Structure formats: C-alpha cells, structure tokens
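Down below is the structure, laid out as structure tokens.
Every chain is numbered from 1 and lettered A, B, ... according to where its sequence line falls, protein lines coming before strand lines. Keep in mind that the numbers below use all heavy atoms, side chains included, and drop hydrogens, waters and symmetry copies. Remember, it's a predicted structure, so these values are computed and weren't measured experimentally.
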Amino acid sequence: MNEVIIAALCGAIEQALRTLRESGQLKSQSVAPIYLESPRTEAHGDLSSNVAMRLSREEGRPPQQIAAEIVESLPADSPANRFYEKVEVAPPGFINFFLSRESLVLLLHGMLQDSDDFGRRDVGQGKRANVEFVSANPTGPLTVGHGRQAIIGDVLSNVLSFCGYAVTREYYFNDAGNQMRILGESVRARYLESLGETVAFPEQGYQGDYIREIAESLYKENGDSLRNAPTERFQKAAEKVISEEINRTLERMGVRFDNYFNEYSLYASGKIDEVIKKFKELGHAYEKDGALWFKASQFGREEDRVIVKSGGEPTYRLPDICYHVDKIQRGYDLIVDIFGADHHATYPDVLAGVRALGYDTDRIHVLIHQFVTLKRGGEKVKMSTRRATFVTVDDLLDEIAKGLRAELTQAYGENSPQTEPTVLERMARDAVRFFYNMRRMGSHLDFDLDLATKRNMENPAYYVQYAHARICSIFRVFYEQTGGPEIDFAAVPVETLRLLTEEKEASLIKNLGRFPRLVEEIAEKFEGHRLNEYLLQLATAFQSYYNEHRVIGDDLDLTLARLSLVRAIQTVLRNGLSLLGVSAPEKM
RNA sequence: GCGCCCGUAGCUCAGUCGGAUAGAGCAACGGAUUUCUAAUCCGUGGGCCGCAGGUUCGAGUCCUGCCGGGCGCGCCA
C-alpha cells in the first residue's frame with residue numbers, strides 16, 4: 001500500500017493517542033510503535049492496527065474499549081480522512097480502516113505517473129552491493145544445485161539494483177588448490193588410458209565422462225606427445241575447457257558476472273601474508289603441532305581452527321577470511337554470500353576470522369540455500385560431482401527444450417517459428433529461472449523434470465507470461481480499432497479513473513499498490529521467491545477480471561479508465577518478470 | 001554424539017514485526033466460450049499446521065524437549 005496513505009493513517013492514530021493522553025483517558029506514556037498491516041480477509045478492511053491490543057496490558061483495560069476510544073478521538077480535520085471511508089473496531093481489538101474509492105484512484109494515478117519506473121525504489125541509492133554466488137571451481141560442469149544458486153543470486157542482484165544499489169555480481173574461484181590438482185591427475189590418467197597404458201586412477205579422482213572427453217581431445221590434438229607431460233599440463237587444459245563450459249551454461253541461464261575473483265590473486269598481492277602477520281600481531285593465532293591456529297574459540301566458535309597447515313600451506317579458511325576483508329576494503333555497503341547447505345558449517349569460522357581482524361561483519365549476509373532434488377519419472381535422481389551420476393544445468397535446459405520442441409511441433413508443425421531453436425532456448429531458460437526461484441531458500445527444491453517438460457505446460461512461468469501477452473493483445477486490438485496515437489497514460493485525468501467502480505478493479509489497484517513495498521522487502525530480507533508468488537497471484541487476479549469485464553467497450557471514457565488499469569498491471573508484470581530475468585512476450 | 005535447515009491438504013509449496021475463519025497450484029469432481037488469446041475463468045470436496053509442554057490478550061510463526069527427513073562435523077574446499 002502506498003506510503004503516503006499509511007503515513008497519514010498512522011499519523012491520525014498517533015494524534016488520537018495524544019488526545020487521549022492529554023485528557024487522561026490513557027495512562028501509559030510509552031509510545032507504542034504503530035503498525036498498519038493488510039488483513040488477510042477483505043471483511044477486515046484494507047489496513048489494520050493492533051495498537052489497542054498492545055496497550056491493553058499496560059492500561060489494564062480490554063483492548064476493544066481502548067480501540068473504541070482511539071477511533072472516537074481520530075482527528076476530524078486530518079488529511080488522512082479522505083483516504084478511508086470507514087473505520088471499525090473489531091474483536092479482539094483491531095482498528096480496521098476501509099480505503100475510500102478516492103484513495104484507490106489516487107493510487108492508480110500515482111502509478112501511471114511513475115510509468116515504466118513503477119516499483120523502483122531508492123533505499124539503496126548511493127550504496128554499493130557485492131553479491132557472490134555460484135563460485136564453483138572449474139572441476140566440472142555446473143550441476144542443478146549450482147543452477148539454483150545462480151538464479152537466486154542473479155534475481156537478488158536484479159532486485160537490489162532495482163532498489164538503487166550499484167551491484168557487483170562476483171564469482172570467486174580457485175584454480176590452484178588441491179581439487180584442481182586431482183582434476184589434472186584424473187585427466188592425465190584417462191589420457192594415458194587412451195594410449196593403452198594401465199594406470200591407477202586417482203583415489204578421489206573425478207569420474208565423469210567429461211574427463212574422458214577432455215583426455216580424448218588432448219589425444220587427438222597431441223597424439224602421445226604428452227605421455228611424460230607434467231600433471232599441470234593436463235590441469236590447465238581441463239580448466240580451460242571446463243571454465244568455458246561453465247560460462248556457456250551461465251550464459252544459457254542468462255546469468256552474467258561483473259567480476260571473477262581468483263583466490264590466487266590474494267597470494268600474489270601479498271594479502272595472505274599480511275593477514276597472517278596481523279593474526280599473529282593481534283595475538284589471535286598461535287602455533288601448535290607445526291600448524292598455525294586461529295583462536296576462533298575467543299570469537300564465539302566452539303574450537304580453534306587451523307589456518308596454516310604444518311606443511312606451510314593455508315587451509316581454505318585463511319584465503320576466505322582474506323577475501324572477505326578484501327570485499328570490505330573495496331567499500332561495499334552490503335555484502336551477500338550465497339552458499340549451498342553443505343557450506344553452512346564453514347562460514348561462521350570465516351566471519352569470526354574477519355571480526356578477529358577488527359572488521360565489523362554486520363554488513364555481510366550469508367545466505368544458505370537447501371539442495372535441489374531432481375525428479376524424473378517420479379524417481380529422485382542422485383547427484384554427485386565426482387561420480388558420474390550428476391545431472392548438469394545443461395542437461396536440464398536440454399531436456400526442457402527437447403520436451404517443449406515435441407510439444408510445439410505437435411501444435412504448430414515442424415519448422416514453425418514456434419519451434420526455432422532460439423525460441424525453445426529462451427522458453428527453457430524462462431522456465432528454469434522461474435522454477436529455481438519459486439521456493440524460499442530454506443526449503444528443498446523439488447524440481448520435477450516431467451512437469452517442466454511435459455505437454456500440459458502448467459508451468460507457472462507461462463501463466464504469468466500469458467497474462468502479459470494478453471494485455472499486449474488488448475492494446476493491439478484497441479489501437480487497431482481506433483488507429484489513433486499511443487495513449488499517454490500519465491495524462492489520463494483523475495475523473496476518468498473514477499469510473500473504475502468494480503470490486504475487482506478496486507482489489508487489482510490494491511494489489512498493484514503492494515508491489516513497491518514488496519520489492520523493498522525482498523531486498524531487505526533476501527526472499528526472492530516472494531516475487532514469483534506475487535506475480536502469480538497478480539496474474540490470476542487479472543485473468544479473473546479479464547474474464548468478467550471487457551476492457552474495450554462502447555463507452556470511450558470507461559475504456560480509457562480500464563486501459564489505464566490494465567497498463568499498470570502490464571507494467572508490474574513486465575517489471576516483475578524482468579527482475580526474474582524471465583522474458584515478457586507480447587504475443588504467445 | 002554435536003551443529004545448521006526442514007516437517008502445513010493426496011502431491012508440490014505459500015503463510016507478510018506473533019494477529020482475526022490457515023491459503024495457492026496440481027490431482028479429484030461439477031460448470032462457463034457467438035468474447036479484447038480457452039495456454040483462460042467459476043464452483044465443490046479435502047487440514048490433531050510432526051508430537052508434547054511453555055511464553056501471552058493471541059502461536060503455523062517465539063522458547064524447551066522429543067520424533068522423522070536433509071546437510072555438515074578434517075591440518076579437503
């Protein structure tokens with residue numbers, strides 16, 4: 001709901017409380033913060049306050065009595081008065097405001113002034129945000145689990161950006177660690193195998209088919225000349241191939257990073273050594289068994305942790321701590337890390353380390369998302385990167401595109417515009433993006449491949465897109481009929497908008513009014529899934545309205561009023577879909 | 001054993017600082033189209049919100065314990 005209306009009503013309540021205190025009817029002097037919330041059922045009004053219930057205990061009187069007094073004392077000359085047509089006290093003590101038609105008209109009018117920018121916020125204006133996600137080392141293709149993270153991160157970045165933040169999407173990776181060495185050894189083993197040698201495969205080696213493919217292509221290019229080449233040669237080759245593949249996959253999902261941060265750069269710049277030195281200077285680290293331990297137990301952790309192994313090599317914690325310090329030093333106001341559930345135990349150590357070095361970690365928000373379970377044929381697909389049983393994001397996109405192709409070929413025939421590869425690719429991306437962002441992070445995501453692929457297309461992404469396409473169609477028909485110029489909706493007079501007197505029109509306007517605040521809440525709480533939910537609900541409300549009332553009719557003014565409403569809906573759908581990174585087609 | 005996350009309709013899930021009669025989609029059943037796109041809409045049935053306590057005006061939501069599922073618990077990342 002519009003801030004102006006909420007502020008006005010809160011002000012009126014505050015005024016009433018003051019009046020009651022002055023007259024001695026209210027004893028308590030404490031200023032209870034006044035909230036207005038939107039009740040679930042329409043019978044409870046549009047905005048509701050529980051302030052009387054909060055005062056009840058201190059006053060020692062029933063909340064309904066207090067609520068009645070507050071309503072009684074609402075100022076007669078408040079600017080808030082034109083915003084509501086009715087105010088009620090409801091048990092057990094709620095004060096319920098019913099918005100006036102006039103305030104709805106003003107709401108819609110305001111939206112049309114904002115035009116395409118409706119919903120845009122400025123809470124992040126002048127602030128910089130860094131969102132780190134995916135961050136998979138180039139040891140293998142992106143799995144469906146990474147896919148979830150990629151979309152969650154990308155959508156949150158979009159929302160933050162829509163709220164005014166200057167956002168950096170960052171990918172952190174390490175191409176020098178243990179895992180990469182094992183990768184190199186794995187490729188080398190496969191390469192030697194293709195030379196006919198029998199070699200022991202590394203114990204923790206990567207077994208996916210892609211390793212064989214890389215080895216195979218090395219063989220094709222180099223013959224047996226790499227027989228005695230060092231592991232590093234194989235590692236570099238694999239890294240190059242896999243990195244490129246990861247980037248292609250991200251591109252397919254519509255995800256682009258602004259910054260790739262290589263762990264190695266922390267060593268090269270001497271920052272790792274600096275941090276070690278600082279840990280020692282501050283007395284937060286000590287040596288034991290030849291290793292360097294961080295006194296994590298002094299910073300809220302259960303146990304101390306090794307940051308440099310006895311061999312002299314740092315554990316992952318040290319560069320991670322260093323990396324976060326670096327992010328802070330780069331001056332971000334907001335730092336968001338997105339990890340999978342398997343990392344939940346590691347980040348508290350890292351944050352403790354950052355604090356130990358004297359930095360405030362309040363601006364760092366670590367988001368943990370639960371795993372994705374993939375279902376195919378009613379059966380769960382088990383995934384593991386090292387074993388060959390994982391399913392990649394590419395597989396997922398391919399499978400959906402293939403299913404859509406079969407579906408659309410049946411409907412439109414071979415070689416129709418609907419079955420062009422680029423179209424199918426876009427549709428698959430839209431579906432995947434919408435699905436991945438549909439659940440809250442804490443909840444496991446059940447990705448039902450059959451559902452996303454199958455013919456009935458109960459895919460929620462299409463439902464929202466369809467609503468948008470339908471609105472576009474209304475405008476096409478209207479302009480065809482009139483042959484006239486584009487309407488300037490910002491110039492539609494308030495009197496015209498007053499013609500919107502239907503129940504569904506009122507509830508649609510209220511619905512649209514929630515959008516700006518929703519965007520802000522998503523940015524504050526990092527709950528991207530609420531956007532999907534909202535859009536679905538708005539699309540449903542529109543479809544219902546569409547079914548009941550004709551937008552284009554004989555009455556030109558009424559038509560103009562309804563077109564204005566529909567335009568506002570279109571704007572919100574388009575902006576919402578754009579935040580999701582899902583296309584908003586004009587025709588389907 | 002310890003830590004984190006989850007447990008809501010047959011299935012997949014929402015549930016806005018703790019608010020009023022717990023919602024949606026799918027599935028099941030029944031209806032609507034001379035129409036601006038039927039890829040739509042309307043209706044019906046379906047619930048000890050895992051269990052047991054506690055906090056309070058009020059708990060799906062907060063606290064404690066238990067049960068069940070997922071993920072972790074390294075001088076791997």
Has A:S544 got a side-chain N or O lying under 4.0 Å from the OP1 or OP2 atom of B:rC42?
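The answer is yes; a side-chain N or O of A:S544 sits under 4.0 Å from OP1 or OP2.
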
task: Considering just the side-chain nitrogens and oxygens of A:K309, establish if one lies under 4.0 Å of OP1 or OP2 belonging to B:rC76.
output: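 It does, given that an N or O in the side chain of A:K309 lies less than 4.0 Å from OP1 or OP2 of B:rC76.
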
What nucleotide among [options] has an atom nearest to a side-chain atom of [X]?
| X | options | result |
| --- | --- | --- |
| A:V477 | B:rA77, B:rC36, B:rU40 | B:rC36 |
| A:V306 | B:rC75, B:rG19, B:rU40 | B:rC75 |
| A:A90 | B:rC36, B:rC41, B:rA20 | B:rA20 |
| A:R54 | B:rC17, B:rC36, B:rA20 | B:rC17 |
| A:M588 | B:rA20, B:rC76, B:rA39 | B:rA39 |
| A:I474 | B:rA20, B:rC71, B:rC36 | B:rC36 |

Starting at atom [atom1] of [X], determine the distance to atom [atom2] of [N], rounded to an integer number of angstrom.
| X | N | atom1 | atom2 | result |
| --- | --- | --- | --- | --- |
| A:E480 | B:rC36 | CD | P | 11 Å |
| A:L318 | B:rC76 | CG | P | 13 Å |
| A:E37 | B:rG58 | CD | C1' | 12 Å |
| A:M427 | B:rA39 | CE | C1' | 10 Å |
| A:Y323 | B:rA77 | OH | C1' | 15 Å |
| A:E302 | B:rG1 | CD | P | 17 Å |

### A:K86 side, atom NZ; A:F98 side, atom CZ - distance, nearest 0.5 Å
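Going from the NZ atom of A:K86 to the CZ atom of A:F98 covers 4.5 Å.
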
Please state the [atom1] separation for the pair [N] and [M] - nearest whole angstrom.
| N | M | atom1 | result |
| --- | --- | --- | --- |
| B:rU61 | B:rU8 | C1' | 12 Å |
| B:rA22 | B:rG45 | P | 14 Å |
| B:rG58 | B:rA20 | P | 14 Å |

Does any N or O donor sit under 3.5 Å from an N or O acceptor when you compare the side chain of [X] with the base of [N]?
| X | N | result |
| --- | --- | --- |
| A:S48 | B:rA20 | yes |
| A:D342 | B:rG72 | no |
| A:N50 | B:rA20 | no |

For RNA chain B, the dot-bracket notation using Watson-Crick and G-U wobble pairs below 3.5 Å, [ ] for pseudoknot-type crossings and | for other-strand pairs, is (((((((..((((.....[...)))).(((((.......))))).....(((((..]....))))))))))))....

Exercise. Are A:Y323 and A:Y172 near enough that their ring centres are under 6.0 Å apart?
Worked result: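 Ring centroids of A:Y323 and A:Y172 are less than 6.0 Å from each other.
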
Determine whether the aromatic ring centres of residues A:F526 and A:H365 are separated by less than 6.0 angstrom.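 Ring centroids of A:H365 and A:F526 are less than 6.0 Å from each other.
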
Carboxylate-amine/guanidinium contact A:D304 A:K295, below 4.0 Å:
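No, this pair does not count.
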
Student check: side-chain heavy atoms of A:M427 and A:L408 closer than 4.5 Å: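 In short, these two side chains touch, coming nearer than 4.5 Å.
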
Q) Looking at side-chain heavy atoms only, is the closest gap between A:Y35 and A:R54 below 4.5 Å? A)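 In short, these two side chains touch, coming nearer than 4.5 Å.
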
With sugar-phosphate taken as primed atoms, P, OP1 and OP2 and all else as base, the protein-contact string of nucleotides 8-15 of chain B at under 4.0 Å (heavy atoms; B, S, -) is ----SSSS

Under the ring-ring contact (aromatic ring centres under 6.0 Å, His included) test, which residues partner A:Y316, sequence neighbours left out?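 With neighbours one apart ignored, the set is empty.
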
**Prompt:** When you match A:F475 and A:Q543 each to their closest nucleotide on RNA chain B, which lands nearer the 5' end?
**Reply:**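 In this pair, the answer is A:F475.
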
Any stacking of A:F94 on B:rA20, going by centres under 5.5 angstrom and planes within less than 30 degrees?
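Yes, A:F94 stacks on the base of B:rA20.
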
Checklist entry - How would you label the contact of A:F371 with the nucleic acid (heavy atoms, under 4.0 Å): base, sugar-phosphate, or nothing? => result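 Sugar-phosphate, no base atom in range.
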
